[in-house]
Amino acid sequence: MQLLGLDDDRIRVITPDVGGGFGAKYLIYPEEVVVPLAARMLGRPVKWIEDRREHFLTSIQERDQYWDLEIALNDRAEILGVRGVLINDQGAYTPQGINVSYNSATSLPGPYRLPAYHLKVLAVETNKVPTMPVRGAGYPQGAFAIERLLDLAAGKLGLDRADIRRRNFVPAEAMPYTTPLKTRAGTAVKYDSGDFPKCQQMALQAAGYVDFGERQKQARARGRYIGFGLANGVKGTGRGPFETGIVRIGRSGKVSVYTGAAPMGQGTKTMLAQIAAEQFGLAPDDVNVIAGDTAYVPMGHGGFASRQTVNAGSSTHIAAKAVREKALGLAADLLDLPVERLTLREGRVIASDSNLSVSLGDLAREAIGIPGYSLPKGISPGLEQTENFMPQGLTYANASHCVEVEVDVGTGAVRILRYVVVSDCGRLINPMLVEGQIVGGVVHGIGNALLERMIYDDNAQPLTTSFGEYLLPIATELPRIELITHVSPSPLNPLGVKGVGECGVIPAAAAIMSAIENALAPFGVQIAETPLFPERVVELINARKLE
């Protein structure tokens, strides 16, 4: 609207449930301005079509960073400090500032106590495709850095990899835990709730870590190289500034929810329907949700930073409670009964000890009033409430990943045998949707670790231009992701929820590299990179053999 020079009421934007956004869709590309401008100039519909190659050449990407780090520990293997340099390849331009660089730098401590930290960050512009947040937005890189450091330190000190993490976790009793770091918004990085040691212990137990050493010994005797990896991650979720939730009971008695939140496959409409339905004693199917349509809600900040449930969900919850209280108050006036004797069930307000009741539709009509007559005393017009929940800080979700892999030392092929995740994203509104989001994030992380790579020539011209070259995980190649949930409700919103959409991807690459390195321990291979392809695995093995 700003670029076209039009007022808000002259343009209607309808955001369909477009499927995964993952970051690449969270910006304005030139064609998204040119198309409506051309349509306006021609007075007819205009359609934009691009092929896969064009998309690879022009859409944003992420993950390309170079870290050089040192870690210091005391004689109890407690971290004293980390220092080093981070170089972030921004690509051409800065379409969303230095968000990725900033997130990576501030997320490195993860779930661990870090008394001293010094990192020089260089956001370098090159002539590659521009960089902008992709699912995880720099957090996977920060997690990879600290987790690889801890594995390295454990090896140097002769400690168990799980034990060195246990010695450095922020303990549950320290929550809420404030670090010296600041978010991009200038607020403190403050972990609101969680039990990091317990999550790791749950994951280790579920993955059979206690007897893995014996299984590994037996496998090596048969010429098989299996390895166990673990990693932990923390993700700030629920970024503001707000998201609108409007709850309305129409004269038909139907409950509707309107929000500026953008649905993109994460189940936003289902989540909001559940939250509203809970207040009115309805099934979620009985609640109509309209999301991402400026005809109903002109303001919206979109889907990013795992924020929709925290913000839109909290707004809807607060609005639904207000409408519920108003409906009960109006019913009490009509039925001449105290509110305490009334309940809401299946679209009606029902008296607890009589056959008196009134429908939500009747109450909505009563709240609208009759021309020329006054509304009931103390009742404002309409059964409707608008809320704009504004979070006072990020909610921090966390996860512990345990992976078992087998490496073919002849070909470098890596096969994931087992994958266990313990996730804490606060209260679960819809466990099935949560599982889908976490599993999706883990699969994304597996792709980051073993498959996905943009290749450039010496002049930074992209050579990866199709999915024949840019590989993605497919169902037949994936293990079953075993998910266990641990719930630490957030005190920062009325639902106690945290974001979940990005959490599965954060520790994934680090856990997989930990497992591969453990499998290749007889060769002395150390892994400090991701993604890792079969030919590179062979190169690392051969390099150690030549030393």
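The figures that follow rest on heavy atoms only: side chains count, while hydrogens, waters and symmetry mates do not.
Residue pairs satisfying the salt bridge (charged side-chain N to carboxylate O under 4.0 Å, His left out) criterion with at least one member in residues 120-133, sequence neighbours excluded, are listed as follows: Asp64-Lys128, Asp89-Lys128.
Rounding to the nearest 0.5 angstrom, the gap separating the OG atom in Ser59 from the CD atom in Glu54 is 11.5 Å. Annotation: the span from Met175 atom CE to Asp192 atom CG amounts to 8.0 Å, rounded to 0.5 Å. Between Thr464 atom OG1 and Gln61 atom CD the span is 9.0 Å, to the nearest 0.5 Å. Thr386 contributes atom OG1, which lies 10.5 Å from atom OH of Tyr258 (distance to the nearest 0.5 angstrom). We find the OH-CD1 distance between Tyr296 and Ile290 to be 4.0 Å, quoted to the nearest 0.5 Å. Here the OG atom belonging to Ser104 is positioned 3.5 Å from the CD atom belonging to Gln65, to the nearest 0.5 angstrom.
Around atom CD of Glu469, more than 12 heavy atoms belonging to other residues, nucleotides or ligands sit under 6.0 Å away. Few gaps surround CZ on Arg113; more than 12 heavy atoms of other groups in view lie less than 6.0 Å from it.
Without hydrogens or angle criteria, Asn493 side chain to Val497 main chain gives a donor-acceptor distance under 3.5 Å. A donor-acceptor pair is defined here as one N or O able to donate and one able to accept, closer than 3.5 Å; such a pair exists between the side chain of Gln308 and the backbone of Ala262. Side chain of Ser256 to backbone of Arg248: no donor-acceptor contact under 3.5 angstrom is found. Gln274 contributes a side-chain N or O that, together with a main-chain N or O of Ile429, makes up a donor-acceptor pair within less than 3.5 Å. Distance alone, capped at 3.5 Å, is enough to place a donor-acceptor pair between the Thr106 side chain and the Tyr102 backbone. A side-chain donor-acceptor contact under 3.5 Å links Asp293 to the backbone of Ala295. Between the Arg184 side chain and the Ile98 main chain, no donor and acceptor come within less than 3.5 Å of each other. With hydrogens and angles ignored, the 3.5 Å screen pairs no side-chain donor or acceptor of Asn398 with any backbone N or O of Pro111. The backbone N or O of Cys199 lies less than 3.5 Å from no partner atom in the side chain of Asp424, so there is not a single donor-acceptor pair. Proximity of a side-chain donor or acceptor of Ser514 to a complementary backbone N or O of Ala510 within less than 3.5 Å is not detected.
For the pair Lys235 and Glu502, the salt-bridge criterion is met [side-chain N within less than 4.0 Å of a carboxylate O].
Between the side chains of Thr237 and Thr395, at least one donor N or O sits under 3.5 Å from an acceptor N or O. No side-chain donor from either of Glu243 and Asn388 sits under 3.5 Å from a side-chain acceptor of the other. With hydrogens and angles left out, the side-chain atoms of Tyr66 and Asn88 include no donor and acceptor closer than 3.5 Å. Between the side chains of Gln385 and Glu387, at least one donor N or O lies within less than 3.5 Å of an accepting N or O.
Ring centroid separation for the pair Phe467 and Phe56 comes in under the 6.0 Å cut-off.
Under the salt bridge (Lys or Arg N to Asp or Glu O under 4.0 Å) criterion, Glu529 pairs with Arg536, not counting sequence neighbours. With sequence neighbours excluded, the residues satisfying side chain to side chain contact (heavy atoms under 4.5 Å, CB included) with Lys269 are Pro263, Val289, Ala291. Looking at residues two or more places apart in sequence or on another chain, you find a salt bridge (Lys or Arg N to Asp or Glu O under 4.0 Å) between Glu278 and Arg427. Applying the salt bridge (Lys or Arg N to Asp or Glu O under 4.0 Å) test to Glu147 and every residue at least two apart in sequence or in another chain returns Arg165. For Phe22, the ring pair (Phe, Tyr, Trp, His ring centres under 6.0 Å) test picks out His444, with sequence neighbours left out.
Taking both residues in full, the closest heavy atoms of Gln279 and Ala320 are given as CG-CB, 3.7 Å, listed atom of the first, atom of the second, then distance. Taking both residues in full, the closest heavy atoms of Pro531 and Leu450 are given as CB-N, 4.4 Å, listed atom of the first, atom of the second, then distance.
Looking at heavy atoms from C-beta onward, Arg418 lies out of side-chain contact with Val403 at the 4.5 angstrom threshold. Taking 4.5 Å as the limit, some side-chain heavy atom of Gln141 sits within range of a side-chain heavy atom of Trp67. Counting heavy atoms from C-beta outward, Leu472 and Leu451 have side chains that stay 4.5 Å or more apart.
Using bins of under 30°, 30° to 60° and over 60° for the plane-to-plane angle, the ring pair Phe196/Phe169 lands in the tilted bin.
Remark: Arg453 qualifies as a cation-pi partner of Phe533 under the 6.0 Å distance and 45° angle criteria applied to the six-membered ring.
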Apply side-chain contact (heavy atoms from CB on, under 4.5 Å) to the pair Gln266 and Leu433, showing each step before the final yes or no.
CA-CA 7 Å; Gln266 74 275 56; Leu433 288 176; over 6 Å; no

